[in-house]
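Accompanying notes for the structure given below.
Numbering starts at 1 and runs along the sequence shown. What you see below is based on every heavy atom in this structure, not just the backbone, and it leaves out hydrogens, waters and symmetry mates.
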Amino acid sequence: MKTVITGGIGAGKSYVCRWLQARGTAIYDCDAAAKRLMRTSEPLQQALIRLVGKEVYDHAEARAPSRRRLNKAVLAQFLLASDAHAQAVNDLVHPAVAADFVASGLDWMECAIYFDSGFDRRVHMDNVVCVAAPLEIRLRRIMERDGITRERALEWVNRQLPQEEVMRRSNFVVVNDGTEDLDRQLRLLTMRLQEKEK
């Protein structure tokens, strides 16, 4: 049975994943995989060079993918230029990540934008676990973590699918607000998932 951990920025997915990993659950990290594939995958690099231009990689002409270095500033500028640009990059990166997840043989995945990205249509997951937290707590976490203003943090939150929508489309919700007993919720979640597998 395959399970995805999702939820908006600042909700606390990383804590939940660390809790599960500490108890022996191997989890595929979609963000880390996307960065790795952009550094190492020849087909993905060539597709990005065709889409964005040679300047998206330093040493774009190098034969070995590992010799090319992603120019993050160029990619970010392209992404932010328009929704169409962002979608075009996603249409290259997300299928590569989905294929890599399938090849990994893992049963658990962490994917912040599981529904936003259309990942739910690329890979079948049996269980969707949404990690949720009140907006003000999420904003505070983002501001503290990234050293940014409340307005900027709110902009990031608003770029993602509303938390209520993600919760509605999930099988399980874990509330990570600093007052609900998170350990108890996660023990209960793992028990319920084990029961489903029987």
Side-chain angles (χ1 to χ4, degrees), residues 1-18 20-21 24-52 56-57 60 64-66 68-72 74-76 78-132 156-157 159-163 165-174 189-190 193 196-197:
M1 243 188 358
K2 297 201 180 295
T3 302
V4 58
I5 307 282
T6 192
I9 186 171
K13 288 179 306 302
S14 298
Y15 177 87
V16 169
C17 289
R18 283 195 300 273
L20 290 162
Q21 286 165 327
T25 301
I27 300 177
Y28 182 93
D29 182 334
C30 285
D31 279 351
K35 289 170 187 160
R36 172 175 54 78
L37 290 167
M38 285 191 278
R39 283 197 319 270
T40 62
S41 166
E42 169 77 16
L44 181 55
Q45 288 181 356
Q46 290 300 338
L48 285 168
I49 288 167
R50 282 193 299 274
L51 176 67
V52 181
V56 75
Y57 283 99
S66 58
R68 302 181 189 120
R69 198 173 77 238
L70 183 67
N71 191 326
K72 292 177 188 170
V74 169
L75 183 62
F78 182 87
L79 283 165
L80 295 171
S82 71
D83 288 344
H85 278 196
Q87 189 58 53
V89 171
N90 290 343
D91 286 344
L92 298 177
V93 176
H94 294 160
V97 173
D100 192 63
F101 169 71
V102 171
S104 76
L106 294 175
D107 291 328
W108 287 73
M109 171 204 296
E110 176 185 0
C111 185
I113 53 171
Y114 179 67
F115 295 116
D116 316 47
S117 66
F119 216 106
D120 58 321
R121 295 187 301 276
R122 296 184 198 283
V123 178
H124 171 72
M125 303 300 279
D126 303 290
N127 306 297
V128 181
V129 179
C130 172
V131 181
W156 286 2
V157 167
R159 285 187 134 177
Q160 296 181 336
L161 206 60
Q163 180 170 262
E165 175 67 10
V166 178
M167 289 167 70
R168 189 184 65 74
R169 294 168 69 177
S170 300
N171 308 71
F172 302 94
V173 176
V174 172
L189 171 69
T190 50
L193 289 174
K196 268 186 86 174
E197 253 185 301

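Here the CZ-NE2 distance, from R122 to H94, works out to 7.0 Å after rounding to the nearest 0.5 Å. Rounding to the nearest 0.5 Å places CD of E165 at 4.0 Å from CZ of R168. For the atom pair CG (N127) and OG (S170), the distance works out to 10.5 Å, reported to the nearest 0.5 Å. Going from atom CD1 of I113 over to atom CG of D120 covers 11.0 Å, rounded to the nearest 0.5 Å. With rounding to the nearest 0.5 Å, the separation of CZ in R36 from CG in L44 is 11.0 Å. Between the CD atom of Q87 and the CG atom of L92 there is a distance of 10.0 Å, given to the nearest 0.5 Å.
Of all heavy-atom pairs between E110 and S14, the closest is OE2-OG, 3.9 Å. Annotation for L20 and W108: closest pair CD1-CZ3, 3.6 Å, computed over non-hydrogen atoms. Heavy-atom minimum distance, L106 versus A26: CD2-CB, 3.7 Å. Of all heavy-atom pairs spanning V173 and A132, the tightest one is CG1-CB, 4.2 Å. Looking at every heavy atom in both residues, N90 comes nearest to P95 through O-CD, 3.6 Å. Between L75 and M38, the shortest heavy-atom distance links the atoms CD2-SD, 4.0 Å.
With respect to R68 and E42, a salt bridge is recorded, a charged nitrogen being found less than 4.0 Å from a carboxylate O.
Using a distance-only test at 3.5 Å, with no hydrogens or angles considered, a donor-acceptor pair links the side chain of D116 to the main chain of L161. Not one N or O on the side chain of T6 forms a donor-acceptor pair closer than 3.5 Å with the backbone of C130.
The local environment of CZ in R169 is crowded, with over 12 non-hydrogen atoms from other residues, nucleotides or ligands closer than 6.0 Å. Summarising the local packing, CZ of R69 is surrounded by 12 or fewer heavy atoms from other residues, nucleotides or ligands at distances under 6.0 Å. Surrounding NZ of K196 are more than 12 heavy atoms belonging to other residues, nucleotides or ligands, all under 6.0 Å away.
Under the 4.5 Å side-chain criterion, counting only non-hydrogen atoms from C-beta, L37 is not in contact with V93. The shortest side-chain heavy-atom distance between Y57 and N71 does not fall under the 4.5 Å cut-off.
Ring geometry for F101 against Y28 counts as perpendicular: the plane angle is over 60°, on a 0 to 90° scale with 30° as the lower cut.
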